[in-house]
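First the structure, in the form of C-alpha cells, and then the observations on it.
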Amino acid sequence: MSSEDEHGGGGAEAAPPEQLALIRESVREAKVPRAKPRTWRGAALAERLPVARVLVDKGVLHLDRYFDYAVPAELDADARPGVRVRVRFGAGRHRVRDGRREGGGLIDGFLVERLDESDYAGPLAALAQVVSPEPVLSAELLRLARAVADRYAGSLADVLQLAVPPRSARAEKRPSPDPLPPPPAPGAGTWTRYEHGAAFVEALASGGAPRAVWNALPGPEWSRETALAVAATLSSGRGALVVVPDGRAAARVDAALTEVLGEGRHALLTADAGPEKRYAQWLAVSRGTVRAVVGTRAAMFAPVRDLGLVAIWDDGDDSHSEQHAPQPHARDVLLLRAALDKCGFLLGGWSCTVEAAQLVENGWARPLVAGRDQVRRAAPLVRTVGDGDLARDEAARAARLPTLAWQAVRDGLRHGPVLVQVPRRGYVPRMACDRCRAPARCRHCAGPLEARDAGALGCGWCGRAESDWHCPECGGFRLRAQVVGARRTAEELGRAFPAVPVRTSGREQVLDTVPGTPALVVSTPGAEPVAEGGYAAALLLDGWAMLGRPDLRAGEDALRRWIAAGSLVRPQDAGGTVVVVAEPTLRPVQALVRWDPVGHAVRELAERAELGFPPVSRMAAVAGPPEALAEFLATAELPPDAELLGPVPVLVARAGAPRRAGAPPPGEHWERVLVRVPPGSGGALAAALKAAQAARMARGNGEAVRVRVDPPDIG
DNA sequence: ATAAAGGTTCGA
DNA sequence: CGAACCTTTATT
C-alpha cells in the first residue's frame, strides 16, 4: 500500500516519513483538542461526517474498542457504516528499510459509524482503503456480536470473525435479485399433535413473538414442522433463522423448506459449500434477498433482516458449541438474538436438555409438548437388559449377546431394517475384574484403566501404562470389558444373520438414509441413517460407554442419543422395539423406558440447582500454568459472590486422542480453576475475567491463561 | 500484539 | 560512551 492512500492525496507528493513524524510531534506538543479531524498533511476530507469510527480487526482484548480515522474526500461515498476498511494501525508505521517504506500495520477493520467529530484529541490518520462498499456489518449484527463478546468474556473482533465470512469479490459482484413478497400463511400441519402447536404457528403468522421449548415427537415430522414455523414467520413479513447440528439435519430442513416455500425464499448455510458459494449465500441473506436461513452453527450469526423467529434443533448436540474463541454456544447466541430483536424463539429436540428445562422453569419460554397418548402412539417399545440379566443369562455369556437383544434383532429383521448403536471409536471399554467385577483402577491415581491397542492397559486419567494388574479386592488377575464388547458384538450379529446385509455408518462414512428392507445398520451415535418407513428395531449397545463418563452431562447425553436412535424406530403399534443394554435402575434408562426426556431434564435441573451446578449457576474455567493461574486469580476483581473451585491438574489427553483446544502443550503441567457465580452474576463474572485477561495481555509478561465461560466439560 | 521510547547494565 | 538488553507505553 502506498502512502497516497494513507494521506488521501491522490496525485500529491508524499512527504518523507521523518517530516510526517515531525508534523505529528508538533501537533502533539500543542495539545490542542480539535473538534475536526486533520490528517497530517491536511489532505481533503469528506465534507460531511469526516470521522470514521473503526473497529480494528484484532482479537486482542485490551484493544477491544473503537478508533477514529479521518475520511478522505474520495472515500466519502464508499465509507459507509458496516463496510470493510483497511487502516494504518500501530506504532512503527514509518520504518524505512532498503529505502522503502514498510507498512508497519495496514490492517483490516469495520467502519462502525460516521461522525461529525472525534473525541480523540490528536490528529487522525486517514482511512487507507475501503475494501468494498458492501455494508456487511449491520447495526443489528454489531449489537449481537457485542452482546456475545460480553457474555463470553471475549473480544468483539473475535466474534466478528465468526459472524462475518471472508470476502469474495466475485460473489459480491453478482447482483442480487429482488426479494419475493411474503408467502401466504401455511396451515398448522402436524403441529396440531402438540397441545399449543397450532397456536404457536398462528402467533408467528400474525406477527407475534412466541417463545417455546418444543419436545418433538419421535419420527421424521420435525423438519417439516420446523419449516412450517419458518413459513408462518415469513408470511408475517419477517425473517426466520434455523440452526441445526449437522449437514444432514440442515439438508432435511432445507428440503422441507423447499417443499413448503418453493425455491428462492431461503438459504442453506453449511460448511460444505466452498468459501465463495458460502459468501454468496450469506450476501443473499445480508442484502435481504432471502428472508429465511437454515444452517449449521456458523449460521447462528446469519444477518437475517427483521428477524421474526430464531430456532435451534437438538441443542444438546456438542456441535452447537463453537470451536473458535470465544466459543459461544448456538443456543445462547440465539437466546441473545431473541432478546435483542424481540423475536420468536423455538428450541426443539426429541430429547430435552437441562438448559431447555430451565427456560421453561423460569418462565422465559412455554413448553410445546404432546399429550401422553400422542407419545405412546409415536414411540417404540423400550426394553432393558441390565447386569443382573446378563449374569443370569447363560446364552448371553456364551454368545456374548443377551437373549432378549437377540430376539429383538431376529424379530425386527423379519419386518425391516434393524439399527445397532455402538460406541464411537475412542470410547475405550472400561475394564473390570473378571471374577468380582470390581472396576480396574490405576494404582497411582485411581483413574479408570482402559484397554489400548494391542491389548495393553493404560490409565484414562494420568496416562500411565499398567502391565501387571491384579485385583485389590479379590486378587484376581484377569480383566474383562465391563459390558459386552459392542463393536465385536455387531460383527458377530452380522455373522449370525448371514443372509442379511450389514451396513455401517460412522465417522468415516455417514449414511444418510437406508431402504426399508431387512438389514443390520451399525452406527455410532449421531451418525444413524434414517430408515425408510422407520427401523423395525434398535439395539443400543453403548450404555456402559455413555453412562460411565465422569461428566455432569453423561446421563443427559446418553438419554439424548438413545432417544435420537429410538426416534428413527417405528411406533410401538407398528412393532417398533428398542432394546437398551444398560442398568434399568438408572435414571436415564428409566426415562428412556417411559419416553420422558422432559421429566428427566426437570429432575436433573433440580439436582443441579441443589448442587450449585450450571446452568443454574454460571461457571467459567480458567486454565494455565500454575503460577500464571495463581497470578491471574490474584489480580482478577471477581464479583463478591464468586466461588473458586480447585485448582485441579488438567489431565493430559490420552495418547492418540485428538488434542482439544486449550489442552496444555505436551510436557507442560497445567491447572484449572472453576469460578462459580450464582444466577444473575454471570455478566459481572465475564466482565471481570475479561478485564483481568486484558490487563494481563497489556502487561505482556506472564503467560496467557485460557478463559472459557460455560465450559462444556465440568467433571 | 507490536513497535517505539526510555531506562538500565556492562564492556571498552 | 555506546551497544545490548530490559521495561514501559501507545496504538485514532
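Just so you know, these numbers use all the heavy atoms, side chains as well, and skip hydrogens, waters and symmetry mates. Proteins get letters first, then strands, A, B, ... in listed order; numbering begins at 1 in each. Since this is a predicted model, take the numbers as computed values, not measurements.
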Presence of salt bridge, [Y] and [X], under 4.0 angstrom:
{"X": "A/Arg146", "Y": "A/Asp64", "value": "yes"}
{"X": "A/Asp317", "Y": "A/Arg331", "value": "no"}
{"X": "A/Arg84", "Y": "A/Asp57", "value": "no"}

Q: Verify, without hydrogens or angle tests, whether A/Arg676 (side chain) and A/Ser617 (backbone) share a donor-acceptor contact under 3.5 angstrom.
A: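 It does not hold such a pair.
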From [atom1] of [X] over to [atom2] of [N], roughly how many Å is that when rounded to an integer?
{"X": "A/Asp158", "N": "B/dA1", "atom1": "CG", "atom2": "C1'", "result": "13 Å"}
{"X": "A/Leu106", "N": "C/dT12", "atom1": "CG", "atom2": "P", "result": "13 Å"}
{"X": "A/Arg88", "N": "B/dA1", "atom1": "CZ", "atom2": "P", "result": "22 Å"}
{"X": "A/Leu115", "N": "C/dT12", "atom1": "CG", "atom2": "C1'", "result": "12 Å"}
{"X": "A/Phe89", "N": "B/dA1", "atom1": "CZ", "atom2": "C1'", "result": "9 Å"}
{"X": "A/Asp108", "N": "B/dA1", "atom1": "CG", "atom2": "P", "result": "19 Å"}
{"X": "A/Ile107", "N": "B/dT2", "atom1": "CD1", "atom2": "P", "result": "11 Å"}
{"X": "A/Asp57", "N": "B/dA1", "atom1": "CG", "atom2": "P", "result": "16 Å"}

Q) With stacking defined as ring centroids separated by under 5.5 Å and planes differing by under 30°, is A/Phe67 stacked against C/dT12? A)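 No; centroid distance or tilt outside limits.
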Q) So, for A/Pro133 and A/Asp78, which heavy atoms are closest and what is the spacing to 0.1 Å? A)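 Scanning both residues completely, I find the closest heavy atoms to be CB-OD1, 3.7 Å.
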Q | Of A/Glu172, A/Arg167, A/Gln281, A/Arg170, the residue whose pairing with A/Glu276 passes side chain to side chain contact (heavy atoms under 4.5 Å, CB included) | A | A/Arg170
Q) Which range-with-range stems can be found for DNA chain B when each stem has 3 or more Watson-Crick or G-U pairs in a row and both distances sit under 3.5 Å? A) B:1-11 with C:1-11
